[in-house]
**Q** 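Let me begin by handing over the structure; questions about it come next.
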Amino acid sequence: MKGRKLLMIPGPIEFEPDVLHAMSIATTSHVAPNFIEVFGNSLELMRTVWKSPKGQPFIVAGTGTLAMDMAAANLIEQEDNVLVISSGYFGKRFNDILERYGANTTILEAPIGEVVSLETIEKELKSKQYKALTITHVDTSTGILVDPKPIAQLAKKYNTISILDGVCSVAGEVINQDEWELDIVLTASQKAIGVPPGLALLMASEKAMKVWKNRKTPVPNYYADWSNWLPIMKAYEERRPSYFGTPAVNLIVALETSLKIICKEGIDKRVKRHQDLAKAFRAAIASLNLEILPKSTALAANTLSAVYYPKDIDGALLSAKMIEADVIIAGGLLPEIKATYFRVGHMGSVSANDLMAVLGALERALIVLGHPLEPGKGLQVFQNKLLKDN
Ligand code: PMP
């Protein structure tokens, strides 16, 4: 399509035509048999994607922030100690949410481009009894990937609930919720799940549900309260009609379509595609003499890349040149260094072709703005890396 722009920000992403088509079908009643089936299927498919056969899924209209809010509202009570492990903007957001519910939070913040060490986390967990800890799997502001597995193990060792913000990771990075014993894994529809914005998705472990059931005080948030939503999720899974708040019918039809696409590709294969493309993209970026924000490639996410603008180039001009070339990328998000870097999303149905388009446009923009490089250099490295690894 002439003039069509390629949306390469880290969410919302480019969506599959079948998902968009599913969104546009005539809206049915939320208690119509066809919709009950779609909702029930979506809940079941979530367990496959999250690798959580024992988990309790929730699908609620809202954004990723609602999923974070829901975890905090249902699991935290006044004066509970909560450890927030932060590698960017979204760690701080979790801290703010938890404080709203009266938690005593301790935030462990990694220096920009790094992750908090396991030693630091364990030292803190030893110092007092924490009810819960939060991890941002991929912080979308920094492109930092945290390995949740050893942190979940520490949480278990110190009898702490583990909550994973997987908004920028679920269906794009490796997640084994049950095997890793993560208590909450939450996300939103608009990223690697591949559905337009508007759904908060959350999977709770049996332990998390027990902690919620044993609360001493009522959940101080009406909309987020699992007492309202659990019967609804159970009913849809048992293919019975029910009502609490009108579900986002069209979005859930789209969700079922996308989850089927994800499961058809196979979650492991899908994650591998994200890894291969991310690796090749990072290699290409390095060949253009650009530096990524994560201090090492081992800490770099597979769902997006955060890249510093070259020192001699005005970031706003670079973004404008990219838009002229019909490629939309995102600016920085971390307040301290916002103007110094850009972000490229590569998740969901992203393909090598999409990233070739980004690299081609980026090379031209850099050259036009006076950054010395040989045209085709990044593209060549990208191609070679993909050919070598596949
Ligand atoms: N956590 C992370 C890691 C995110 O990337 C985002 C959104 N960019 C959120 C939470 C919040 O999600 P939403 O914007 O859907 O509320």
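Just so you know, ligand 1 is whichever comes first in the structure, and atom 1 is the first atom listed for that ligand. None of the values given here were measured: they were computed from a predicted structure.
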**Q** Any side-chain to backbone donor/acceptor pair from S52 onto T48? Under 3.5 Å, distance only.
**A**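 A pair under 3.5 Å: no.
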**Q** Considering non-hydrogen atoms only, spot the tightest contact between R343 and G331 and give its length.
**A**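 Scanning both residues completely, I find the closest heavy atoms to be NE-O, 2.8 Å.
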**Q** Once you measure the plane-to-plane angle for W226 and W212, does it fall in the parallel (<30°), tilted (30-60°) or perpendicular (>60°) bin?
**A**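 W226 vs W212 ring planes: perpendicular.
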**Q** Can you produce the list of protein nitrogen or oxygen atoms under 3.5 Å from a nitrogen or oxygen of ligand 1, alongside each distance?
**A**
unit_1, atom_1, unit_2, atom_2, d
ligand 1, 1 (N), D165, OD1, 3.3
ligand 1, 1 (N), D165, OD2, 2.7
ligand 1, 5 (O), T140, OG1, 2.3
ligand 1, 5 (O), K191, NZ, 3.3
ligand 1, 8 (N), K191, NZ, 2.8
ligand 1, 15 (O), G64, N, 2.8
ligand 1, 15 (O), Q190, NE2, 2.9
ligand 1, 16 (O), T63, OG1, 2.6
ligand 1, 16 (O), G64, N, 3.3
ligand 1, 16 (O), T65, N, 2.8
ligand 1, 16 (O), T65, OG1, 2.5

**Q** Between S319 and A316 (side chain of the first, backbone of the second, donor and acceptor by atom type, cut-off under 3.5 Å), is there such a pair?
**A**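 Flag not set: sc S319 to bb A316 has no pair under 3.5 Å.
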**Q** Salt bridge check: are D96 and K92 linked by an N-O gap of less than 4.0 Å?
**A**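 So D96 does not pair with K92 through a salt bridge.
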**Q** How would you list all residue pairs meeting salt bridge (charged side-chain N to carboxylate O under 4.0 Å, His left out) that involve residues 177-188, not counting sequence neighbours?
**A**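 Pairs touching residues 177-188 that pass the test: K156-E181, D183-K207.
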